Amino acid sequence: MTRYKVIISDYDFGNIDLETEVIKRQLGDGAEVIGLNAENEAEFLAQAKDADAIITQYFNVNGTMIEQLETCKIIARYGTGVDIVDVKTATKQGILVTNVPDYCHHEVADHAVTLLLSLVRKIKMYDQAVRASEWRWQSGQFIHRIQQKKLGLVGFGLIAKAIAARVKGFGMETMAYTPHLTQEAAAQYGVQAVSFEQLLTTSDYIIVQAPLTDETWHMFSDREFAMMKQGVIFINTARGPIVDQSALIQALETGKVGGAGLDDIEEEPAKLHDWQADSQLFAFDNVIITPHAAYYSEESIAESRRRAAEEVARVLAGFPPKHPVNQPVAAI
């Protein structure tokens, strides 16, 4: 007899064996774990309406859906961001929302620095030239040394701190902006705390590692790009919608941005059906785009899956979660 019903709204890692093992180990064989890969609201609700728990990867669990969940106690997000879950409505409905906040900071920091170095050293350009039978160092003109250049980190959480540690050996001057960051706190990581305006106007390289919120949506638009140095290298290993894509394209066209490394783009293709690579961004040789893969390693994927499932098992067994995003009145 089924005692608990757990719905995995969507997943792209082949199976749900790990999640099933974790949940059944805690709750017993009476727990039923169903992998949906739902493509629409109706398909989701047909199974999730009477579920005790939901785990989601990319599927947008909006307020309308949440209001129809009859027995749900927890919505667990595989990753860090919870912008695909209507947390406010979940809170009103007494449903806990959890995430996995710190499972991939090494991978994202590595990815951000790799994008930066690849653009500064024009690796993509050289590779394309060599493949076209052009064997000339001049293919990458003009390249400048990175020592004494100024790197601006937008956001200064765990990932940005890991980036700061990685670039220390390159001899860059690292600055950071995030609200309420003090010089004392920044200095512990060899970083200078600056205002947003100072970071924009003085950085040679900018890496964005801020969360996507109402306040950070289109945080980088025409005004912000206009304030930057000519030829700035711009890296976004955070969420795509933090950057106004049309403004970035214009900045690339004028040369204001000398190169861009993006791990996500504004339309977030993973959340769209039948997406096609028709953005103007793909026409630029000085742009590198990866498919929201900065978080990925075999180890980080396994950790994210395991910890999301553990939150579900913990809550259904009557214990508080380790990483709650909200505090609903009716929470366990």
Side-chain angles (χ1 to χ4, degrees), residues 83 112-113 115-122 124-125 140-146 148-157 159-160 163-164 167 172-181 183 186 191-268 278-290 292 294:
D83 50 291
V113 175
L115 287 173
L116 175 61
L117 295 177
S118 296
L119 286 163
V120 171
R121 295 299 309 170
K122 300 193 177 178
K124 177 182 175 181
M125 192 174 296
Q141 281 185 306
F142 294 93
I143 294 175
H144 298 280
R145 62 177 52 159
I146 61 177
Q148 282 79 56
K149 289 290 192 293
K150 294 184 177 181
L151 169 65
L153 298 171
V154 180
F156 201 59
I159 295 170
I163 293 170
V167 302
M172 286 183 267
E173 180 184 333
T174 306
M175 305 174 290
Y177 163 75
T178 196
H180 314 302
L181 178 63
Q183 290 294 355
V191 172
Q192 179 187 2
V194 295
S195 68
F196 188 43
E197 289 73 19
Q198 185 178 347
L199 185 146
L200 292 176
T201 57
T202 61
S203 296
D204 299 292
Y205 316 133
I206 293 174
I207 297 179
V208 183
Q209 198 52 65
L212 177 60
T213 64
D214 290 341
E215 290 73 30
T216 62
W217 182 85
H218 280 196
M219 183 180 190
F220 291 89
S221 195
D222 292 321
R223 173 184 173 274
E224 288 72 30
F225 284 116
M227 294 174 68
M228 295 178 191
K229 280 187 173 182
Q230 189 73 15
V232 65
I233 302 296
F234 182 81
I235 308 294
N236 182 19
T237 39
R239 294 303 180 92
I242 292 174
V243 180
D244 180 343
Q245 195 159 287
S246 62
L248 174 58
I249 290 169
Q250 184 175 348
L252 285 160
E253 288 174 339
T254 63
K256 171 63 78 169
V257 171
L262 311 171
D263 185 51
D264 195 9
I265 54 180
E266 189 169 354
E267 58 261 37
E268 298 189 86
D278 55 5
S279 169
Q280 289 177 260
L281 285 171
F282 292 93
F284 294 95
D285 290 334
N286 58 342
V287 173
I288 300 174
I289 300 173
T290 53
H292 204 158

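Since this is a predicted model, take the numbers as computed values, not measurements.
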Restricting to non-hydrogen atoms, name the atom on [X] and the atom on [Y] that form the minimum distance, rounded to 0.1 Å.
X      : Y      : answer
Phe156 : Ala176 : CD1-CB, 3.6 Å
His292 : Asp264 : ND1-OD2, 3.6 Å
Val167 : Met172 : CB-CE, 3.6 Å

Quiz item: What pairs with Asp222 under salt bridge (Lys or Arg N to Asp or Glu O under 4.0 Å), at least two apart in sequence or on another chain?
Solution: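 If we apply the salt bridge (Lys or Arg N to Asp or Glu O under 4.0 Å) test to Asp222, skipping adjacent residues, there are no hits.
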Quiz prompt | For Phe234, ring-ring contact (aromatic ring centres under 6.0 Å, His included) partners two or more places apart | solution = Phe220, Phe225
Just how far is it from atom [atom1] of [X] to atom [atom2] of [Y], taken to the nearest 0.5 Å?
X      : Y      : atom1 : atom2 : result
Leu212 : Trp217 : CG    : CH2   : 10.0 Å
Gln280 : Ile249 : CD    : CD1   : 4.5 Å
Leu116 : Arg121 : CG    : CZ    : 12.0 Å

Quiz item: What pairs meet the side-chain hydrogen bond (donor to acceptor under 3.5 Å, both in side chains) rule with one or both residues in residues 199-208, with sequence neighbours excluded?
Solution: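 Counting only pairs at least two positions apart or across chains, the side-chain hydrogen bond (donor to acceptor under 3.5 Å, both in side chains) contacts touching residues 199-208 are Asp204-Lys229.
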Self-check item: Pair listing, side-chain hydrogen bond (donor to acceptor under 3.5 Å, both in side chains) test, anchored in residues 234-245, at least two apart
Solution: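 Residue pairs passing side-chain hydrogen bond (donor to acceptor under 3.5 Å, both in side chains), neighbours aside: Asp83-Arg239, Gln209-Thr237, Ser221-Asp244, Asp244-Ser246, Gln245-Glu267, Gln245-Ser279.
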Quiz prompt | Candidate pair His144 and Lys149, rule side-chain contact (heavy atoms from CB on, under 4.5 Å), full reasoning | solution = CA-CA 9 Å; His144 298 280; Lys149 289 290 192 293; 4.1 Å; yes
Compare all side-chain heavy atoms of [X] with those of [Y] and state whether any distance is below 4.5 angstrom.
X      : Y      : answer
His218 : Glu266 : yes
Gln192 : Glu173 : yes
Met175 : Lys150 : yes
Thr216 : Val154 : no

Exercise. With sequence neighbours excluded, tell me which residues meet side chain to side chain donor-acceptor pair (under 3.5 Å) with Asp263.
Key: Thr290
Exercise. Sequence neighbours left out, what passes side chain to side chain donor-acceptor pair (under 3.5 Å) with Glu215? Give chain and number order.
Key: Thr213
Quiz item: Under the side-chain contact (heavy atoms from CB on, under 4.5 Å) criterion, do Val208 and Ile206 qualify, and how do the steps go?
Solution: CA-CA 7 Å; Val208 183; Ile206 293 174; 4.3 Å; yes
Exercise. State whether the number of non-hydrogen atoms from other residues, nucleotides or ligands found under 6.0 Å of Phe142 atom CZ is greater than 12.
Key: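 Check fails, neighbour count at 12 or below.
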Quiz item: Of all residues at least two apart in sequence or in a different chain, which pass the side chain to side chain contact (heavy atoms under 4.5 Å, CB included) check with Gln148?
Solution: none
Self-check item: Non-neighbouring partners of His180 that pass side chain to side chain contact (heavy atoms under 4.5 Å, CB included), sequence neighbours left out
Solution: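 Partners of His180 under the side chain to side chain contact (heavy atoms under 4.5 Å, CB included) test: none.
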Self-check item: Lys124 side chain vs Asn286 backbone, donor-acceptor pair below 3.5 Å
Solution: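 Not at all, since once roles are kept as given, no pair shorter than 3.5 Å links the two residues.
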Quiz item: Considering the options Ile233, Ile207, Ile288, which one meets the side-chain contact (heavy atoms from CB on, under 4.5 Å) requirement together with Leu115?
Solution: Ile288
Donor-acceptor list for residues 193-200 side chains, cut-off 3.5 Å, not counting sequence neighbours:
from, atom 1, to, atom 2, distance (Å)
Ser195, OG, Gln198, N, 3.0

